[in-house]
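Structure, as structure tokens:
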There are 2 protein chains.
Amino acid sequence: MLLEAAADLFAERGIEASSIDAIAAAAGRTSGAVYDHFGGKEGLLYDLLQEWVDDVAAVVAVEMMEATTLEERMAALWRNVKQPPKGGGRWMALEHELWRYATRDDAARQHLARRYRVAWEGTDAAVAAGGDPGAARMAVGPAIVGLLFGLEMMRRVDPAAVTDDMAVAALMGVALAARHHDRAQP
Amino acid sequence: MLLEAAADLFAERGIEASSIDAIAAAAGRTSGAVYDHFGGKEGLLYDLLQEWVDDVAAVVAVEMMEATTLEERMAALWRNVKQPPKGGGRWMALEHELWRYATRDDAARQHLARRYRVAWEGTDAAVAAGGDPGAARMAVGPAIVGLLFGLEMMRRVDPAAVTDDMAVAALMGVALAARHHDRAQP
DNA sequence: GTCTATATCCAGATAGAC
DNA sequence: GTCTATCTGGATATAGAC
């Protein structure tokens, strides 16, 4: 399938380094098929995106519901970033590709921004869950998501540097900072 | 100067999208000069790296010395990531390019790993400073550096989403998690 | 050291046959 | 829908003149 071949190649070699011919060949087609279906590389990228996001979000949402403590929720987040439910490791590499792409293409940037806003809100809900429902906490969604991203990056250059314990402790630190911040300014 | 032109173009367009011809032209030279001096694009990239790292590290080191509280140190870190001392914003974009590059080239990956280990140690020292010198804290260097990276990325897709207050609060949260962790297991 | 060719290759995209 | 040309542009890299 063209989309799967594209996901593999994008994650392995990078978006720019993956030619349409190579993608088509990996799927047993020729470039013409790609142009007919997606209009080009960019169209392929967006269609691919659409598929992934829903999958990952669904899995994370379920795990957030099942977890009972804040620590469990943070551990679940980290687990899903470290070992994504689908496509063993391709996700973050692709996400990274997308990110870099988006910083140079404004339409892609806004696309990404919209997507991340959803993630931030979901994360804030995960932090707030179990606490005082009426408390006005600091929104730390971007910090939690950013930390997840950053931890995964550090792990990629040196896997031993990021233990699960450290990752969860750091996530808890940020989550609790949101609550402490509440206490500080009543 | 060729190195400066390369830094600009790499950060603006990305490494792959920056042709040697374009780099040379931006510096008022032709491609031949690049090949004679650096052997190609990769050589240029590494030479460029060498220069940058020292500059940024030196500035951060000074600010770490001048700050007296943990919060000041964390705020200084964030400030330098948000607005690097040199080259207004090119640093992180370039760093990101490098990262992506390194995830596919093993020599580059180890180069990066060595460099980051230094950053992690420096960050741990910044967290430990002012506390009990003998206390065995959790090493959170990778988490702090990762968080800085992640915050900058979130800010890049949506600048309003990451306020300075939130960034510093999150950094403090991770830093304090290292200390709390100490208290938990004596 | 630096330039001006130039060789070689591969990219994205399209038109038209099947 | 998918393939097979094919056009056009731009990339790396080198050889040799200045």
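Proteins get letters first, then strands, A, B, ... in listed order; numbering begins at 1 in each.
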Set of residues satisfying side chain to side chain contact (heavy atoms under 4.5 Å, CB included) with respect to A75(A), sequence neighbours excluded: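 Per chain and number, A75(A) pairs via side chain to side chain contact (heavy atoms under 4.5 Å, CB included) with V168(A).
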Checking E16(B) now: which residues fulfil side chain to side chain contact (heavy atoms under 4.5 Å, CB included) with it, not counting sequence neighbours? E16(A), A17(A), R100(A), R100(B)
In B/S/- notation (B base, S sugar-phosphate only, - none; protein heavy atoms under 4.0 Å), nucleotides 7-18 of chain D written 5' to 3' is ----SBBB----
May I have the list of side-chain donor-acceptor pairs in residues 123-135 of chain A shorter than 3.5 Å, sequence neighbours left out?
{"from": "T123(A)", "atom 1": "OG1", "to": "A119(A)", "atom 2": "O", "distance (Å)": "2.6"}
{"from": "D124(A)", "atom 1": "OD1", "to": "V140(A)", "atom 2": "N", "distance (Å)": "3.0"}
{"from": "D124(A)", "atom 1": "OD1", "to": "G141(A)", "atom 2": "N", "distance (Å)": "3.1"}
{"from": "D124(A)", "atom 1": "OD2", "to": "G141(A)", "atom 2": "N", "distance (Å)": "3.4"}
{"from": "D132(A)", "atom 1": "OD1", "to": "G134(A)", "atom 2": "N", "distance (Å)": "3.0"}

Just grab all the salt bridge (charged side-chain N to carboxylate O under 4.0 Å, His left out) pairs involving residues 56-66 of chain A, residues at least two apart or on different chains. E63(A)-R79(A)
Please enumerate all residues that pass ring-ring contact (aromatic ring centres under 6.0 Å, His included) together with F38(B), with sequence neighbours excluded. none
